[in-house]
Protein chains: 2
Amino acid sequence: MPSSGTQTYHHGDLRSALLDAATSRIEHQGIDGLSLRKLADDVGVSRSALYHHFRDKNALLNAVAANGFANWIAMTSESGGDETVPAQVRMKQFVYGYVHWAVEHPQLYDLMFGRPIWKNDLADDELKDVAYPAFQYMLSLITHWQQKGLLLADKPALRQTQVIWATLHGLAKLVTDGVYADSAHIDEMCDCAVLMLLPKK
Amino acid sequence: MPSSGTQTYHHGDLRSALLDAATSRIEHQGIDGLSLRKLADDVGVSRSALYHHFRDKNALLNAVAANGFANWIAMTSESGGDETVPAQVRMKQFVYGYVHWAVEHPQLYDLMFGRPIWKNDLADDELKDVAYPAFQYMLSLITHWQQKGLLLADKPALRQTQVIWATLHGLAKLVTDGVYADSAHIDEMCDCAVLMLLPKK
DNA sequence: CATTGAATTTGACACTGTCAAGATAAAGAT
DNA sequence: ATCTTTATCTTGACAGTGTCAAATTCAATG
């Protein structure tokens, strides 16, 4: 059992070392900036050692995204789970939490919610197992708001979930992509979004 | 003056031929699926002929995006310009038009409003010259809705523009990326968005 | 100690964007 | 008409990429 630090032929835990290094590189250089060969250098291993732990580059990206979802769910259920504060406050906290997390992990967010994985049907089962519950959580949360009277019940919860999620997703993407919105106004934009999405006044 | 059809050494209008082929390839295979060498094959020219008309691959992408904006603006001012119908109907038309255009040109939309160009500061002047007016058009349109009483005036028009745009952008991206929304429900989602964004009821 | 089997490396291939140097053709000058 | 210039296109080359097959190294098991 080679303890960490010493460099043995068998790395010991190459899979998670690659995962960590890949996550770090993605967060700094972006998805397109991830080169498997440079990644191997980071970890101090040869270029094709990776293929004994991941089927190909996409499988590695899937695993990184899956880790991201686990992280995301932890953040999200934290900001939405406090039952002592009123639902409206929790909604605002959720919106803040969602957008800020995306802005703090723009590249990871891109990977998790971007086309390359979902539209091209490149998500493997492991990723789906962690991503779908995340989607369902949003639906249950917004259904809950609806039941509490925070949202009107004149439209299906699923549609309202999609619209609210779209707004959060759009805010996050406009800011992180630098399109007609900059990070100095995140909170103002979130406030405005909450005001506009809540019914009555 | 080589007429089109005959294959001469000097292509005649290689620049726009490359633009067309690139646009077509991007719309079918996506941005990452665009290879300059295959593109050259499409046009029947050698691999590096392109560099006499575009500084590099990014310049080509910029030009494709600029074309996209021109197209986008044409569509958009068409669906928003009819002064004979009431503002509320025009808003709905605008929402429909925006999302449908994005869904019909997903890859182009990605290129135009995505991070690779804007966040990485890879937009050249030609692109900015056509993109910024597009952004401003959205602002003026939504300011107009506000003045017509369609939106409340309790929040700055800029913020409301960003939120509404975020919602449209988010809807478009969720659908085109295949994340928890599919194209069969576009219109329902648009309807729901309009209902939720408009004040009162 | 021998053998099995997993982990890792090296060599190779096809592909990518990009540049320098050469080849070609059109336009302008005399 | 011929020469010169200039824009256009091609060929050769290089560094980089993901990925596979075959060879190597090591740990564990018999």
Side-chain angles (χ1 to χ4, degrees), chain A residues 1-23 25-26 28-65 107 111 116-117 120 122 124, chain B residues 1-23 25-26 28-65 107 111 116-117 120 122 124:
Chain A
M1 58 189 84
S3 73
S4 65
T6 65
Q7 195 76 337
T8 67
Y9 185 89
H10 284 62
H11 183 283
D13 200 0
L14 182 55
R15 193 192 142 92
S16 66
L18 285 170
L19 259 179
D20 291 349
T23 306
R25 242 183 203 281
I26 286 177
H28 289 93
Q29 270 101 35
I31 304 171
D32 291 336
L34 177 67
S35 150
L36 294 191
R37 304 170 98 105
K38 288 176 184 164
L39 185 66
D41 277 0
D42 288 351
V43 184
V45 92
S46 112
R47 58 191 178 279
S48 66
L50 176 144
Y51 289 88
H52 293 262
H53 301 272
F54 301 95
R55 198 159 48 79
D56 55 10
K57 186 178 188 176
N58 179 65
L60 172 66
L61 292 178
N62 268 266
V64 172
Q107 318 275 3
L111 177 62
I117 282 189
N120 300 21
L122 294 177
D124 57 29
Chain B
M1 57 188 87
S3 71
S4 65
T6 65
Q7 195 77 337
T8 67
Y9 186 88
H10 285 61
H11 183 283
D13 200 359
L14 183 54
R15 191 191 142 92
S16 65
L18 285 170
L19 260 179
D20 290 349
T23 305
R25 240 180 205 282
I26 286 177
H28 289 94
Q29 271 101 35
I31 306 170
D32 291 337
L34 177 67
S35 149
L36 294 191
R37 304 169 97 106
K38 288 176 184 166
L39 186 66
D41 277 0
D42 288 351
V43 184
V45 91
S46 113
R47 57 192 179 281
S48 64
L50 175 146
Y51 289 87
H52 294 260
H53 301 272
F54 302 95
R55 198 158 48 79
D56 54 10
K57 187 178 188 177
N58 180 65
L60 172 66
L61 291 179
N62 268 268
V64 173
Q107 318 276 4
L111 177 62
I117 283 189
N120 300 18
L122 294 177
D124 57 29

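Letters A, B, ... are given to chains in the order of the sequence lines, protein chains preceding strands, and every chain is numbered from 1. Just the heavy atoms: all of them, side chains too, but no hydrogens, waters or symmetry mates, feed the values below.
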B:Val45 side chain, from C-beta outward: closest of D:dC9, C:dT18, D:dT17: D:dC9
Distance, nearest 0.5 Å, that separates NZ of B:Lys57 from CG of B:Leu122: 12.5 Å
Residues forming a side-chain contact (heavy atoms from CB on, under 4.5 Å) with B:Asp20, sequence neighbours excluded: none
Atom pair distance, as rounded to whole Å: CG in A:Leu50 and P in C:dT9: 11 Å
Protein-nucleotide distance (A:Leu36, atom CG; D:dT19, atom P), rounded to Å: 6 Å
CG on A:Asp124 to CD1 on A:Ile117, rounded to 0.5 Å: 8.5 Å
Phosphate OP1/OP2 of C:dT16: any B:Ser35 side-chain N/O under 4.0 Å: yes
B:His53 side chain near D:dC9 phosphate (N/O to OP1/OP2, under 4.0 Å): yes
Short side-chain N/O contact from B:Ser48 to OP1 or OP2 of D:dT10, under 4.0 Å: no
Whole-Å distance separating the CG atom of B:Leu18 from the P atom of C:dG17: 13 Å
Out of C:dT16, D:dT10, C:dT9, whichever nucleotide has its closest atom nearest the side chain of B:Lys38: C:dT16
Salt bridge (charged side-chain N to carboxylate O under 4.0 Å, His left out): pairs with one or both residues in residues 29-45 of chain B, sequence neighbours excluded: B:Arg25-B:Asp42
Minimum-distance nucleotide to B:His52 side chain [options: D:dT11, D:dT19, D:dT8]: D:dT8
Rounded distance (Å) that lies between atom P of D:dT8 and atom CZ of B:Arg15: 11 Å
Nearest-0.5 Å distance that lies between atom CG in B:Leu50 and atom CG in B:Asp56: 9.0 Å
Residues from residues 55-65 of chain A lying under 4.0 Å of DNA chain D - heavy atoms: A:Asp56, A:Lys57
Under-3.5 Å donor-acceptor pair between A:Arg37 side chain and D:dG18 base: yes
A:Asp32 CG to D:dT17 P, straight-line distance once rounded to whole Å: 13 Å
Gap between atoms OH and P, on A:Tyr51 and C:dC13 respectively (whole Å): 17 Å
Interatomic distance, B:Arg47 CZ vs D:dC9 C1' [rounded to whole Å]: 12 Å
Whole-Å distance separating the CG atom of A:Asp41 from the C1' atom of D:dA15: 15 Å
From A:His53 atom NE2 to A:Ser16 atom OG, the distance as rounded to the nearest 0.5 Å: 9.5 Å
Intermediate values then yes/no, side chain to side chain contact (heavy atoms under 4.5 Å, CB included), A:Leu34 and A:Val64: CA-CA 12 Å; A:Leu34 177 67; A:Val64 172; over 6 Å; no
